[in-house]
Amino acid sequence: MNEYVKRVSDNLIRLYSHEPEYLQSALTWLEMIAPAVDDPRYEKMDLLSRMVEPERMFSFLVPWVDDYGVVHTNHGFRVQFNSAIGPFKGGLRFHPSVTPSVVKFLGFEQTYKNALTGLPIGGAAGGADFDPRGKSNREIMRFCQSYMNSLYRYLGADTDVAGGDIGVGSREIGYLYGQYKRLTARSESSALTGKGLTYGGSKVRQEAAGFGAVYFLNRMLEHRGEKLEGKRIAVSGFGNMSWGVCRKATEFGGKVVTLSGPDGYIYDESGVNTQEKFDFMVQMRMSGVDKVKPYADKFNVPFFAGERPWEVEADIAMPCATQNEIGVHDAVAILTNGYRYYVECANMPATRDALKILRMSKKVLTAGSKASGCGGVAVSALEMAQNSVRYSWKRAEIDQRLQDIMGSIYDASVAASEKYGLGYDLIAGNDIAGFKRIAEAMMAQGL
Ligand code: GLU
């Protein structure tokens with residue numbers, strides 16, 4: 001490996017061994033972009049050290065009172081990772097697993113994901129170790145208000161634009177935006193994205209993450225002269241990303257046969273492909289129970305407690321749940337159960353070892369979440385654009401733009417991979433394409 005890359009990697013290991021998710025995402029990225037660290041000015045300007053660390057990061061306490069009058073104190077975070085190509089932009093995650101390391105890895109991934117969209121958005125991420133499971137609407141509202149009391153001074157349409165992620169959907173964005181508006185006395189709609197359609201939200205935003213992943217998958221299929229029609233897809237998770245994948249895959253004649261939750265997975269031989277099933281997924285998510293078994297009970301299909309969907313034979317694996325959900329055991333299952341496409345939808349769904357195993361296979365085409373998973377934030381950027389011109393485009397226009405963006409990310413990934421002699425390597429290609437875009441902007445702006 002390039003000496004400079006090695007030095008930056010060693011430095012990260014020395015400094016951040018206590019932040020495993022962040023270290024994992026940064027080291028994997030450095031490995032992928034190493035062949036493209038080909039300009040001596042990068043080292044002279046110590047560009048890589050400035051690209052792998054956040055520009056700044058905040059943590060704050062989020063005290064709130066539950067419906068029984070009991071006080072709780074959660075921990076909130078926001079990492080403003082990189083602003084080279086636009087205002088900081090990224091989601092908020094409310095989940096008990098949120099730590100500084102998780103927020104930093106999300107900010108890192110978001111930065112290079114956003115660069116790939118070709119839209120003027122920098123990278124950020126945030127969240128809290130709040131567990132939305134079993135909380136009432138009022139509790140969620142009070143939590144969001146307290147969260148915004150601490151965060152509002154750091155957000156802004158031209159500063160840092162927050163959006164959704166796990167545990168933060170349009171209901172939470174509504175409460176957060178309401179409080180932001182109250183505190184700032186400004187109707188600054190693009191300080192938050194994922195808003196409701198009546199107050200500046202974009203059409204297709206809810207569907208965008210999953211739709212985008214399927215558009216990307218279609219290009220991979222096309223590369224092999226194949227079509228989605230008749231293919232079986234194993235999906236993990238049952239949240240917003242999975243829901244969009246099920247809907248768009250159904251439209252193209254593909255069949256999603258699994259969904260999963262922390263409790264296990266369901267196997268639906270006939271496919272998750274009716275309006276009733278899509279609506280039930282939304283209901284399961286909104287119930288705040290975080291279990292997928294109710295789907296099996298409702299539609300009378302098998303449920304496998306504590307198991308992972310990749311033990312099912314299918315053509316396409318689409319991990320839509322969360323980071324590190326694919327371990328070595330899962331990677332081996334994907335290689336042995338007939339899969340020919342592995343399309344990351346969640347942020348960094350595979351461990352480093354699992355990803356190595358998957359990438360060794362010639363049979364399985366792999367796509368990285370910074371590319372295939374960026375439909376959501378792409379439409380968030382379109383939401384910002386619509387807010388700034390006080391206009392709202394038609395649904396079909398936005399869907400077409402999303403499709404174009406996913407296509408250009410695919411093309412850029414293929415081109416970067418070929419340029420650096422890596423053949424058809426979509427993951428290295430997307431990392432290199434994102435790296436080059438931000439590197440150029442940072443070099444132009446000086447230290
Ligand atoms: N959390 C989403 C993502 O991973 C979207 C964030 C946003 O819309 O800002 O890209």
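Values below: every heavy atom of this structure, side chains too, minus hydrogens, waters and symmetry copies. Order of appearance sets the numbers: ligands from 1, and atoms from 1 within every ligand.
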key: Ion pair check, E383 and K203, cut-off under 4.0 Å   = no
ask   = With a 4.0 Å heavy-atom cut-off (strictly under), which part of R205 contacts ligand 1: side chain, backbone, both or neither?
value = side chain
task = With I326 as reference, evaluate N324, D330, V328 under the side-chain contact (heavy atoms from CB on, under 4.5 Å) test and give the passing residue.
result = D330
task = Anything under 30° is parallel, anything over 60° is perpendicular, the rest tilted; go ahead and classify F81 against F108.
result = perpendicular
remark   = A student comparing A208, G164, G90 should find that the heavy atom closest to atom 2 (C) of ligand 1 comes from G164
inquiry  = Parallel, tilted or perpendicular: which one describes the rings of Y339 and W310, with boundaries at 30° and 60°?
reply    = perpendicular
query = Do Q283 and Y295 have side chains that get closer than 4.5 Å, going by heavy atoms?
reply = no
ask   = Relative to ligand 1, is Q110 under 4.0 angstrom through side chain, backbone, both or neither, heavy atoms considered?
value = side chain
query = Counting only heavy atoms, which portion of E109 has something under 4.0 Å from ligand 1: side chain, backbone, both, or neither?
reply = neither
remark   = Which of F60, Y180, Y147, F58 passes ring pair (Phe, Tyr, Trp, His ring centres under 6.0 Å) with Y154? It is F58
key: Side chain to side chain, F88 and V161, heavy atoms closer than 4.5 Å   = no
ask   = Is ligand 1 under 4.0 Å from a heavy atom in the side chain of L106, in the backbone, in both, or in neither?
value = neither
ask   = Atoms of ligand 1 less than 4.0 Å from K89 heavy atoms?
value = 7 (C), 8 (O), 9 (O)
query = In the protein, which heavy atom is nearest to atom 3 (C) of ligand 1, and how far is it?
reply = K113 NZ, 3.4 Å
note = N347 heavy atoms within 4.0 Å reach ligand 1 at atoms 4 (O)
remark   = The atoms of ligand 1 lying under 4.0 Å from a heavy atom of S380, numbered in the order shown, are 7 (C), 8 (O)
G373-ligand 1 polar pair, N/O distance under 3.5 Å = no
